[in-house]
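Take a look at the structure below.
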Amino acid sequence: MSEKITIQLMINDETQHLTIDPRVTLLDALREHLQLTGTKKGCDQGQCGACTVHVNGQRVLSCLTLAAQAQGGKVTTIEGLADKQGKLHPVQSCFMANDAFQCGYCTPGQIMSAVACIKEGHAGSDAEIREYMSGNLCRCGAYPHIVEAVKQAAAEMSGDAS
Ligand code: FES
Ligand code: FES
């Protein structure tokens with residue numbers, strides 16, 4: 001048994017102290033220790049993207065990130081994307097408007113990835129969106145709608161929404 005460690009994380013703008021086994025992944029820390037179950041586990045091996053969150057503004061696979069690696073960092077999950085008044089982030093509202101999900105299981109990861117994809121400047125064309133969203137698998141086959149949602153959100157976020 002390994003000794004427990006205590007780490008501090010800023011999760012969705014709230015400071016959290018966690019005393020955990022050092023082997024606990026960020027994904028399990030969020031889901032099992034903080035009850036933030038929006039972040040999903042589709043594979044636990046870095047192959048599906050359902051666990052995508054932001055650490056210090058970058059998208060990462062939380063199943064391949066130890067919670068301890070994020071020590072002192074700022075983590076944003078799907079639960080932290082809407083503003084304090086509950087107004088949805090443009091990517092969230094565009095996913096809804098474009099029916100970019102069916103079962104919803106890949107959706108938190110898709111949305112976190114899409115927010116980062118837009119911020120990285122990788123939403124310039126359908127092909128670019130497809131390429132830079134290809135780390136997020138969707139078994140329901142919502143891909144064409146996801147591309148539309150990302151394109152629309154990118155336009156809204158750049159201020160030239162139609
Ligand atoms: S659960 Fe992390 S990539 Fe699949
Ligand atoms: S909406 Fe079901 S897996 Fe993507």
Side-chain angles (χ1 to χ4, degrees), residues 2 5 7 9-12 16 18 20-82 86 88-120 122-123 125-154 156-157:
S2 30
I5 53 167
I7 60 168
L9 298 171
M10 176 75 87
I11 300 185
N12 300 334
Q16 303 279 359
L18 287 173
I20 49 168
D21 187 301
R23 293 170 296 187
V24 170
T25 62
L26 179 58
L27 174 58
D28 288 342
L30 293 168
R31 291 185 53 83
E32 289 170 23
H33 294 261
L34 295 163
Q35 284 69 53
L36 290 169
T37 53
T39 306
K40 303 300 188 203
K41 185 187 286 185
C43 70
D44 216 16
Q45 305 179 28
Q47 292 175 354
C48 75
C51 65
T52 307
V53 299
H54 296 177
V55 175
N56 299 324
Q58 308 284 322
R59 52 176 158 172
V60 303
L61 297 172
S62 60
C63 72
L64 295 186
T65 306
L66 291 173
Q69 285 174 274
Q71 158 60 24
K74 188 170 153 27
V75 178
T76 308
T77 71
I78 191 71
E79 291 91 344
L81 212 51
L88 294 181
H89 185 283
V91 173
Q92 291 177 302
S93 42
C94 288
F95 262 62
M96 292 185 68
N98 289 279
D99 287 330
F101 56 93
Q102 290 183 38
C103 76
Y105 198 86
C106 73
T107 313
Q110 299 280 3
I111 289 177
M112 296 313 287
S113 217
V115 172
C117 175
I118 294 167
K119 204 171 112 196
E120 291 158 12
H122 289 142
S125 66
D126 287 16
E128 194 182 18
I129 292 169
R130 266 188 230 111
E131 174 69 19
Y132 283 89
M133 289 297 292
S134 65
N136 292 82
L137 304 186
C138 175
R139 189 167 280 186
C140 299
Y143 298 117
H145 294 241
I146 291 170
V147 172
E148 281 310 306
V150 174
K151 209 161 53 174
Q152 201 179 343
E156 273 183 31
M157 288 162 72

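Only a predicted model underlies this, so the values are computations on that prediction, with no experimental measurement involved. For ligands, and for the atoms within them, numbers begin at 1 and follow the listed sequence.
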Item to check | Protein heavy atom at shortest distance from atom 1 (S) of ligand 2 | outcome: Gln102 N, 3.2 Å
Checklist entry - Under 3.5 Å, side chain of Gln92 to main-chain N/O of Ile111, donor-acceptor pair present? => result no
Checklist entry - What atoms of ligand 2 come closer than 4.0 angstrom to any heavy atom of Cys106? => result 1 (S), 3 (S), 4 (Fe)
Checklist entry - Out of curiosity, Leu27 CG to Leu61 CG, how far, rounded to the nearest 0.5 Å? => result 10.0 Å
Item to check | Within 6.0 Å of CD in Gln69, more than 12 heavy atoms from elsewhere | outcome: yes
Item to check | With Val53, the side chain to side chain contact (heavy atoms under 4.5 Å, CB included) member among Thr65, Leu30, Thr76 | outcome: Leu30
Next on the checklist: When you measure from the side chain of Ser113 to the backbone of Gln110, do you find a donor-acceptor pair of N or O atoms at a distance under 3.5 Å?
Outcome noted: no
Checklist outcome for this item: Taking only non-hydrogen atoms of Cys138 and a 4.0 Å limit, the atoms of ligand 2 in range are 1 (S), 3 (S), 4 (Fe)
Item to check | Close-contact set for ligand 2 against Cys103 heavy atoms, below 4.0 Å | outcome: 1 (S), 2 (Fe), 3 (S)
Item to check | Proximal atoms of ligand 2 relative to Cys140 (non-hydrogen, under 4.0 Å) | outcome: 1 (S), 2 (Fe), 3 (S)
Checklist entry - If you round to the nearest 0.5 Å, how far is NZ of Lys151 from CD of Glu128? => result 12.5 Å
Item to check | Atoms (protein N, O or S; no water) under 2.8 Å from atom 2 (Fe) of ligand 1 | outcome: 2
Checklist entry - Is any side-chain heavy atom of Asn136 closer than 4.5 Å to a side-chain heavy atom of Met112? => result no
Checklist entry - Are Ile78 and Thr107 close enough that some pair of their side-chain heavy atoms sits under 4.5 Å apart? => result no
Next on the checklist: Please check: side-chain N/O of Asn98 versus main-chain N/O of Ala100, any donor-acceptor pairing under 3.5 Å?
Outcome noted: no
Checklist outcome for this item: Quick note on ligand 2: atoms under 4.0 Å from a heavy atom of Arg139 include exactly 3 (S)
Item to check | Proximal ligand 2 atoms for Gly104, defined as those under 4.0 Å from one of its heavy atoms | outcome: 1 (S), 2 (Fe)
